[in-house]
Structures are given as C-alpha cells and as structure tokens.
Protein chains: 2
Amino acid sequence: MQSNSAQPKISGQNCESKDGDNVLHPTCLVCEVRACGLCSELNNESLIKLQKITRTREYKAGEQIFCDEEPLQNYATIKNGIVKLTKILPDGRQQTIGLGFPPDFIGRAFKDTNSSFAIALTDVTVCTFPKELFNGFLSSLPKLEHKLFELTLNELDQARELMLMLGQMSALEKVTGLLIGFSKRLHHSNQLQNIESDINRFELQLSRAEISDFLGLTIETVSRQFSLLKQKGLITIENQRQIHILDRPEMEEIAGHSPF
Amino acid sequence: MQSNSAQPKISGQNCESKDGDNVLHPTCLVCEVRACGLCSELNNESLIKLQKITRTREYKAGEQIFCDEEPLQNYATIKNGIVKLTKILPDGRQQTIGLGFPPDFIGRAFKDTNSSFAIALTDVTVCTFPKELFNGFLSSLPKLEHKLFELTLNELDQARELMLMLGQMSALEKVTGLLIGFSKRLHHSNQLQNIESDINRFELQLSRAEISDFLGLTIETVSRQFSLLKQKGLITIENQRQIHILDRPEMEEIAGHSPF
DNA sequence: TCATGCAATTGATATAGATCAATTCATAGC
DNA sequence: GCTATGAATTGATCTATATCAATTGCATGA
C-alpha cells in the first residue's frame, strides 16, 4: 500500500497577492464549490483571510492524498473529482468507509492523525488548508466551525447508514444500494455546482475490487450481482463502468433505502 | 417495535428555582458527569443558564428514549446507565449503530428527526434539553458547540471503526472485539466519573439477540463464539452476562484493534 | 418444591457468499 | 491490425455462518 505516484501538482492562489490584502483571488472567484462548500458560509472579508492560507493541489487517479500513519498536515475541500476514504488492516483487508464528492471536506479536525487513507478515485483537485492555521480560523470564525460541524453530522449519518448496509443487507441489496446511492450523491454534487447531469446515467468510478472493499464482499460476488441486475433488465453497463439505471423505482425497492 | 412501557419518571431541576436566577442547582452540583460531559466546558454562569432548561429523566431498562419517526423533542446527556442506538428496517432487521455511556450526548443536532432509536439497556438517567432552546444555546455559547462538535467527531471515528468490523471481521473477531471494546468503553466512562472498576470484569448489558444485532450475526453464532472463547480459556462467563477476561493480550490480538 | 416461560446453548443441516480456476473482455503498446 | 496484460465475468466447489430444531439453564411465581 504505497503511494503509487509522482508528487501532486501544486498551484497556488497562495499567500501574498500583489493586489494587496483585500481582494478576492481569481481562484476563489471561479471556484467550482465557492457557493456550496465550507466557504459558502463566509462573507468576502473572511474568505479573503482564509484564501491566504489555501493552496490548490491536484492528484491523479490512484494517488494517495493522505494516509493512516503520518501526521496530518493539511485539511482540504474537494473542488473536483471523487475521493475514497478507506481503512487498511495489517493483513491487507480493507474497508472503504466513505466517498467524497465536491464540495466535501476531508481530514480529521482537531486531531493530528487520520485513522484512514484518502485516495483519489479520479483525477482530483482540492483546496488545502494547513492544519494549524485552519484550526485558528475555526476558533475565530464561528460560522466556519458551524458549517464544518454540520458537514460532520452528515458524514456521521452516512456512516451509520453504511453500518446498516454492511451488517444487515444481502449482496444484491448492497450492490443495488451502492448504485442508487452513488448516483444520488454524484447527481447532488453536480446540482450544487450547476452541472447538468442525468441521475440514471453515470460513470461508477470504482473498480470491482474497490466496490468489494466498500461493500464487504468479494470481486466475484459483486460481479455476479451486476450480472443479475443486467439479467433482470434493471441496468445496463458499458465499458465496465458506465452505468445506466433502467428501472430506478425497482432498484430503490431492492435497495430498501439509500446508504448515502 | 413499540415502546414497551410506562412513562419515564421526570424530576426537575427545572426552570424557576426559588433561590433566584444565579445559583447553581443542587442537581448540577452533584451531577455524576458535571466534570466530563458537555457541561464540562461551561463556566458557572453559562451552566446556570443551561440548567434552567434542563430536566432529569429516568428510564427503565428496555424503555425507548426516542425513536425513528417522531419529531425530536429533546437532546440529552447520559448521567447513568447504558443506551443503545439502533436502526430498524421495515422487515424487522435491526442494526445497532452504537452504544452510549455516561457522559455521552444523544440526539441529532440541527435536525428535527433522528434516524435511529435510542433504547435504555440498563436503567438510565439522562439530563434532557428541549431542542429549540438548546439550539439557541449552541449559537450563543461557542464553547458548548465546540465541545459537542468534538463529541460528534469521536462518534464518527467510532462509527468508522465499527464499519471496518462489520465489513471485514470474522464472527470470532467481532465477538472478541465487542468484549474488548465494551470493557474499554465502560472502564473509561467509570474513570471519568471516578468510579472504581476492573477493566477485565464487567457486566455485558446486552442479550445475545442484542449482541447479534450489533455485530451483524445471529444469536447462535454469537453463542458459539462465546463457547469457543471459554473453551480456549480466554474468558469466563457467569450468569450469562458477567464477563471475566482472563487473557486480555490474547483477546486483543484476536480482535486486532478495538472498535470503540 | 415444582411448573412455566424465556434466554442461551448445542446439534444437524442448508445456503449465501468465498475461494479457486478458467475464460472472456478491454485497453495499451507495438 | 495484432499481441500482451490486467480486469471482469463465469463456473465449480468449499466453508463460514445462517437456519431449523432440540435441549439445557435460569428466573419467576404458584
């Protein structure tokens, strides 16, 4: 489980802009998630302050954004792409504990280490905040802390839905639930960014192995459930990952409820 | 899944005390979790304000503290006893998503409904806060909100550990992990309250059915794992629930890591 | 003390999903 | 276009856990 890759590209709206101290940097002005992410609760003045400590970073699909052991340096919000959060046991077993879509926040607030890995599923762009400085901001901007708190509560709700799925659902229910949940989540993320999207057609950015690590199943079982869903005429799949949900009501019926 | 019981006993340090407005009520003065719970971050002045909206409530073992559907009326901190949080599917399947020990907070902040049930495992005493009033307090007392945020982050960490357990662990690992985790959690709660306790001897306040709902197993499988652990000489059980861990290192080795 | 009833254990069997083993499919490089 | 390589599918078998069925244990009340 090594980081499989070159250094991420760093490009900075960083620190001292020559325009002086009170201008919103272009990177924020055109930010995909300016209006819906953590920053959405900030007025211009606060945002200008926050902006000074941020950097934009890009990761290629498969790159590790942070890991288990090493002390956490940065928090981040996802501007673009999909991130998986995953726990890895010494013996190699792996449990994916969540997916991050724009404008999700990643990193464990108020702690020096994460207890999981964050890995880019697609090419990913994030906006990073150095840990110490960001913690300072949290204390001085109650609105920021409040927003982060709400995002955290949503994550907790999600984690608990996922627990229900992992503990009680059959393989078919799990796979169906993943498709329904992933599509909802992706569509929602797109809507927040005013990106046109069809909730029933999407690219499932996870390999079969990644899906099985998420659902607590094996690759083969996941594959068999996909075949079953195709056979039942509920979905079609092109190029392994391009999903088309044909009968959403029936799928939702099988999934019982959505895990996201 | 009905509430199986009489109305909980209500006793109030409530509202207008005759001593005037600026005295700490006796109930808070002798509170078991005054120093470690949500209130621990409040100075006397804030606590006096908060105290005015609180009520002490008692529930018998088995009673429902709140449920799934009905709009949430109150938040609470646990003063005494153990609470289980659980999700129930229409078809009767059930997944317990966490346990609450003193001084844990229960209830979903900033939302009108919980998406789970809270059920008293033992006789339980809680300190309740009416939702609306408490939300007002959160906005006006940043320290209170911050503390609640930290508690929520801990819960999220726990939920994710549990996901790892549900998705990847064998039956034996799950049962062992539960025993190790439950004992740690209980011992920790006792320590916070300066209650003497032996981490390796405790009453597991869950029926086999409740354990199986927690671990995503059946009653029979849970029972077999207990028998196996006894056979290996790692634990003894008296009266079905009184657990004595004989070889903690070996148990921790099997559990791999603790789910709490 | 004995019946009653529910919880836990233990045993026998069934099965969903895991594991092992070929194929088949898709993408990348030549 | 063709070959090589890893991913996905499909098939055959195995196994951990579920399910079904007694049996045992323990608490309650007559």
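Chain letters run A, B, ... following the sequence lines, proteins first, then strands; residues in each count from 1.
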Handout entry: Listed once per pair and sorted, the ring pair (Phe, Tyr, Trp, His ring centres under 6.0 Å) pairs that draw on residues 190-211 of chain B, sequence neighbours left out
Key = B/Phe182-B/Phe202
Exercise for the section: Run the salt-bridge test on B/Asp68 and B/Lys87 with the 4.0 Å N-O cut-off and return the result as yes or no. Expected result: no
Handout entry: Salt bridge present between B/Arg208 and B/Asp213 (N-O < 4.0 angstrom)
Key = no
Exercise for the section: Scan nucleotides 10-24 of chain C nucleotide by nucleotide, 5' to 3', and note B when protein non-hydrogen atoms come under 4.0 Å of the base, S if they reach only the sugar-phosphate, - if neither. Expected result: BBB----SSBB----
Problem - A/Thr128, A/Ile106, A/Ile78, A/Ile119 screened by side chain to side chain contact (heavy atoms under 4.5 Å, CB included) with A/Ile65, the one that passes - result: A/Ile106
Practice task
In sequence, state the C-alpha distance, the side-chain angles, and the governing distance for A/Phe105 and A/Tyr75, and then conclude on ring-ring contact (aromatic ring centres under 6.0 Å, His included).
Solution key: CA-CA 7 Å; A/Phe105 178 87; A/Tyr75 302 119; 5.5 Å; yes
Handout entry: Protein-nucleotide distance (A/Ile237, atom CD1; D/dA7, atom C1'), rounded to Å
Key = 13 Å
Fill in the blank from the handout: Taken to the nearest whole Å, CD/A/Glu238 to C1'/C/dT27 is 16 Å
Problem - Atom-to-atom span, CG of A/Leu228 to C1' of D/dA8 - whole angstrom - result: 16 Å
Exercise for the section: Using whole Å, report how far CD of A/Glu210 lies from P of D/dG6. Expected result: 17 Å
Problem - No-hydrogen, no-angle side-chain donor-acceptor test under 3.5 Å, B/Gln95 and A/Gln168 - result: yes
Completion exercise
To the nearest angstrom, the CD-P distance between A/Gln205 and D/dA7 comes to 16 Å
Exercise for the section: Send over the distance from A/Asp213 CG to D/dA8 P, rounded to a whole Å. Expected result: 12 Å
Practice task
Please state how far atom CZ in A/Arg208 lies from atom C1' in C/dC25, giving the value in whole angstrom units.
Solution key: 12 Å
Handout entry: Interatomic distance where CG belongs to A/Asn239 and P belongs to C/dA28 [whole Å]
Key = 11 Å
